[in-house]
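Report on one structure; see the data block that follows.
In what follows, every heavy atom counts, from backbone to side chain, and hydrogens, waters and symmetry copies are set aside.
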Amino acid sequence: MKYNELKVEKNTRPNRKGRGISAGQGKTAGRGTKGQKSRAGHNKMPAGFMGGQRAIMQAIPKLKGFKSFHPKAEVVYTDRLNELKGKVDNLILAEKGLISNPYNKVKIITRGELTAKIELETQFASKTAVEAIKKAGGSFKKVAVLKKPATKKEAK
């Protein structure tokens, strides 16, 4: 082993700034002289702040409209429920291909005629859809959206 190949941990003692000229980082403490960045609190500027001139977010034109972050409920029509029997929830609707994902919101809307007797457990249903389900001898229960199972990354 050679001297230059030794692995020695660096002494990482914090540098005490502003403790007198002889301390090495005294007087201006490495901030230079005068100006905004030499003052206390200069690192608490809001994002996009450009030194007192108009910020970039104020300068650029804004796009029209609004994009919601909340996903819309997937729609299932009552005439598509005729092929189902018994208890029907998001998992069964996803298995049959009526919705893309069992962890999304689902809304039942009236279209056509419902003849199957089903116990429906979804997030939303229109008033006429609930009436159609009850008329066919079934029931509707409002339930919360299913939680996605935790993956290995999220579990850590």
Side-chain angles (χ1 to χ4, degrees), residues 1-81 84 87-112 118 120-133 140-156:
M1 181 175 285
K2 297 176 187 166
Y3 184 75
N4 65 326
E5 294 174 350
L6 284 173
K7 301 236 188 234
V8 181
E9 293 226 2
K10 186 181 172 190
N11 184 8
T12 56
R13 186 172 179 208
N15 192 357
R16 298 180 69 217
K17 295 188 174 190
R19 296 296 184 272
I21 296 169
S22 63
Q25 286 284 339
K27 195 183 166 208
T28 55
R31 291 175 182 238
T33 55
K34 298 188 197 172
Q36 188 170 16
K37 290 189 177 176
S38 70
R39 314 294 188 209
H42 80 278
N43 57 352
K44 295 177 184 168
M45 296 295 160
F49 183 75
M50 292 170 57
Q53 69 190 35
R54 187 166 62 156
I56 190 91
M57 287 305 294
Q58 292 172 331
I60 60 173
K62 310 302 182 288
L63 296 173
K64 290 184 179 179
F66 169 77
K67 180 154 174 73
S68 176
F69 293 109
H70 302 289
K72 289 188 176 179
E74 291 193 42
V75 175
V76 177
Y77 295 104
T78 52
D79 60 351
R80 303 286 309 273
L81 298 175
L84 305 173
K87 184 182 169 192
V88 177
D89 59 359
N90 288 20
L91 290 169
I92 293 168
L93 290 172
E95 282 175 18
K96 297 292 183 180
L98 296 175
I99 59 173
S100 63
N101 188 346
Y103 307 108
N104 291 348
K105 297 176 194 173
V106 176
K107 182 167 185 175
I108 310 299
I109 294 180
T110 307
R111 182 179 77 183
I118 56 170
L120 189 66
E121 293 183 3
T122 59
Q123 289 70 47
F124 309 104
S126 65
K127 288 180 183 177
T128 54
V130 173
E131 289 171 11
I133 292 166
F140 171 73
K141 182 180 176 186
K142 187 173 181 175
V143 294
V145 181
L146 293 172
K147 299 266 187 204
K148 287 186 182 179
T151 60
K152 289 183 181 179
K153 283 185 180 178
E154 293 173 7
K156 288 181 181 179

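Each of Val145, Leu93, Val143, Asp89 was evaluated against Thr122; a single residue qualifies, Leu93, per the side-chain contact (heavy atoms from CB on, under 4.5 Å) test.
From Met50, atom CE reaches atom CE of Met45 across 13.5 Å, with rounding to the nearest 0.5 Å. Note that CD of Glu131 is 6.5 Å distant from OG1 of Thr128, once rounded to the nearest 0.5 Å. With values rounded to the nearest 0.5 angstrom, Thr33 atom OG1 is found 13.0 Å from Arg31 atom CZ.
Between Tyr77 and Val75, some side-chain heavy-atom pair lies under the 4.5 Å cut-off. Residues Thr78 and Ile109 form no side-chain contact, since every pair of their non-hydrogen atoms from C-beta on lies 4.5 Å or further apart. Side-chain contact between Asn104 and Ile99 is absent, with no heavy atoms from C-beta onward closer than 4.5 Å.
Without hydrogens or angle criteria, Arg19 side chain to Lys17 main chain gives a donor-acceptor distance under 3.5 Å. Looking only at distances, no side-chain donor or acceptor of Gln25 sits under 3.5 Å from a matching main-chain atom of Gly18. With hydrogens and angles ignored, the 3.5 Å screen pairs a side-chain donor or acceptor of Ser126 with a backbone N or O of Ala129. At least one donor-acceptor pair under 3.5 Å links the side chain of Asn101 to the backbone N or O of Tyr103.
Across every non-hydrogen atom of Gln36 and His42, the tightest pair is O-CB, 3.3 Å. Looking at every heavy atom in both residues, Val106 comes nearest to Ile108 through CG1-CD1, 4.1 Å. Smallest separation of non-hydrogen atoms from Phe140 and Val130: CD2-CG2, 3.9 Å. What you find for Gly48 and Ala55 is that their closest heavy atoms are O-CB, 3.2 Å.
More than 12 heavy atoms of other residues, nucleotides or ligands sit less than 6.0 Å from atom CG of Leu6. Counting non-hydrogen atoms of neighbouring residues, nucleotides and ligands closer than 6.0 angstrom, the CD atom of Glu5 exceeds 12 such neighbours.
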Exercise. Give the intermediate values and the outcome of side-chain contact (heavy atoms from CB on, under 4.5 Å) for residues Leu98 and Leu84.
Key: CA-CA 11 Å; Leu98 296 175; Leu84 305 173; 4.0 Å; yes
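Applying the salt bridge (Lys or Arg N to Asp or Glu O under 4.0 Å) test to pairs two or more places apart or on separate chains, those with a residue in residues 62-80 are Asp79-Arg111.
A donor-acceptor contact closer than 3.5 angstrom is absent between the side chains of Glu121 and Asn90.
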